A.B. asks: 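Before I ask anything, let me first share the structure, which is written out below as structure tokens.
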Amino acid sequence: MTDSTTVNQNRGTAGFAISEASVGDYIALMKPRVMSLVVFTALVGLMVTPGHLHPVLGFAALLCIAIGAGAAGALNMWYDADVDAVMSRTSRRPIPAGRILPGEALAFGVTLAIGSIAVLGLVANGLAASLLAFTIFFYVVVYTMGLKRATPHNIVIGGAAGAFPPIIGWAAATGAIGLEPVLLFLIIFFWTPPHFWALSLWRAPEYARAGIPMLPVVAGQAETRRQILLYSIVLAPVGVSPWLLGYSGALYGATAIVAGAAMIALSLQIAALGDNDEGIRAAKRLFGVSILYLFVLFAVLLIDDWLGAPGRVLL
Amino acid sequence: MDDNGRETGVVLTEEQKRRRRMRSIAIALALGALVLLFYVVTIVKLGPGVLSR
């Protein structure tokens with residue numbers, strides 16, 4: 001007997017549902033993989049600041065940002081349960097699988113959102129808390145409820161939500177917003193379209209079935225490949241910009257140039273290949289490399305900062 | 001309980017009881033961690049002279 005049938009049977013005979021959710025289901029509701037990226041980029045935003053934040057307060061601020069991201073993930077799954085149910089990638093999530101009721105997810109998400117924003121305001125400052133609140137609002141209301149089902153540019157604009165964590169981390173440490181975290185924001189912002197559109201190239205039939213107007217569904221595979229290339233061409237120089245503007249050292253600059261060139265080369269390859277097995281394999285390769293791209297860039301930025309590179313080892 | 005000592009109403013299965021116990025333990029651990037976090041953050045923000053304020 002599956003969990004979902006047990007819940008449904010309980011609901012049928014007793015008139016109400018008995019939760020069979022495990023602790024792991026609630027963790028899954030917070031999208032831990034997305035959360036890990038949020039924590040990592042926020043950590044970099046927090047660490048590369050010129051000032052100093054006590055490690056305990058830094059840890060508490062990162063925890064709040066992580067929980068805030070988890071809240072946004074839970075609220076996203078609450079609202080998207082209907083489309084999640086018809087896509088194989090998401091059909092085993094706790095709500096469509098029947099292990100967590102939508103109302104439970106909503107209460108969980110709202111509680112985490114309010115708690116994380118309030119605590120961030122107390123341990124860090126009002127600006128960081130306001131930015132976290134805006135990010136959750138942007139992801140849940142603007143992206144999930146608005147853009148996702150309305151426009152093929154959903155992930156372009158919605159990508160801003162995923163790009164905010166470095167700014168929140170910076171704001172938590174300094175109480176202000178500088179140009180450097182804005183550059184980190186722009187890197188993630190321009191990274192998001194090629195990353196998700198690469199995924200959507202081979203998931204297009206599922207998105208179509210779920211009624212999500214992803215670019216390949218609305219504009220076709222060829223236009224999506226062209227857009228991936230265009231965004232990669234914009235992403236590469238944006239990725240190098242922290243070095244060009246003197247915020248990082250030669251190690252970061254060289255890494256960003258190589259990584260950006262790799263993204264453009266893979267995007268060119270995808271643009272040249274058609275809608276065939278080889279093209280799908282190239283899209284999957286770009287998807288994997290794009291994850292590596294963001295991780296390597298931010299990791300090297302952190303290493304560069306630890307080496308005391310800014311302004312001193314510029315080529 | 002009815003006259004024969006059987007449980008009436010909604011009877012949880014062993015699996016439901018196990019999962020409820022695990023959720024309760026997780027909530028207890030989370031609350032304990034929050035108490036510890038708030039305590040340490042208070043000391044860090046206000047310093048060792050917190051009690052004399």
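Keep in mind it's a predicted model, so treat the numbers as computed, not measured. Order of the sequence lines sets the chain letters (A, B, ...), proteins ahead of strands, with each chain counted from 1.
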A.B. asks: Mind ranking A:Ala60, A:Ala21, A:Gly115 by heavy-atom pairs under 4.5 Å with chain B and telling me who comes out on top?
C.D. replies: A:Ala21
A.B. asks: Looking only at heavy atoms, which two atoms of A:Leu57 and B:Lys45 are closest? And how far apart?
C.D. replies: CD2-CG, 3.8 Å
A.B. asks: Distance check, rounded to the nearest 0.5 Å: A:Ser22 atom OG versus B:Arg20 atom CZ?
C.D. replies: 15.5 Å
A.B. asks: State whether the number of non-hydrogen atoms from other residues, nucleotides or ligands found under 6.0 Å of A:Phe59 atom CZ is greater than 12.
C.D. replies: no
A.B. asks: Which residue in the set B:Val44, B:Val41, B:Thr42 passes side chain to side chain contact (heavy atoms under 4.5 Å, CB included) when paired with A:Val123?
C.D. replies: B:Val41
A.B. asks: Would you say A:Val119 and B:Phe38 make side-chain contact, with heavy atoms under 4.5 Å?
C.D. replies: yes
A.B. asks: Taking the side chain as every heavy atom from C-beta outward, state whether A:Asp25 and B:Arg19 have any atom pair closer than 4.5 Å.
C.D. replies: yes
A.B. asks: If I measure from the heavy atoms of chain B, does A:Leu63 come under 4.5 Å with its side chain, its backbone, both, or neither?
C.D. replies: side chain
A.B. asks: Could you look at B:Ile27 and say if it's the side chain, the backbone, both or neither that has a heavy atom under 4.5 Å from chain A?
C.D. replies: neither
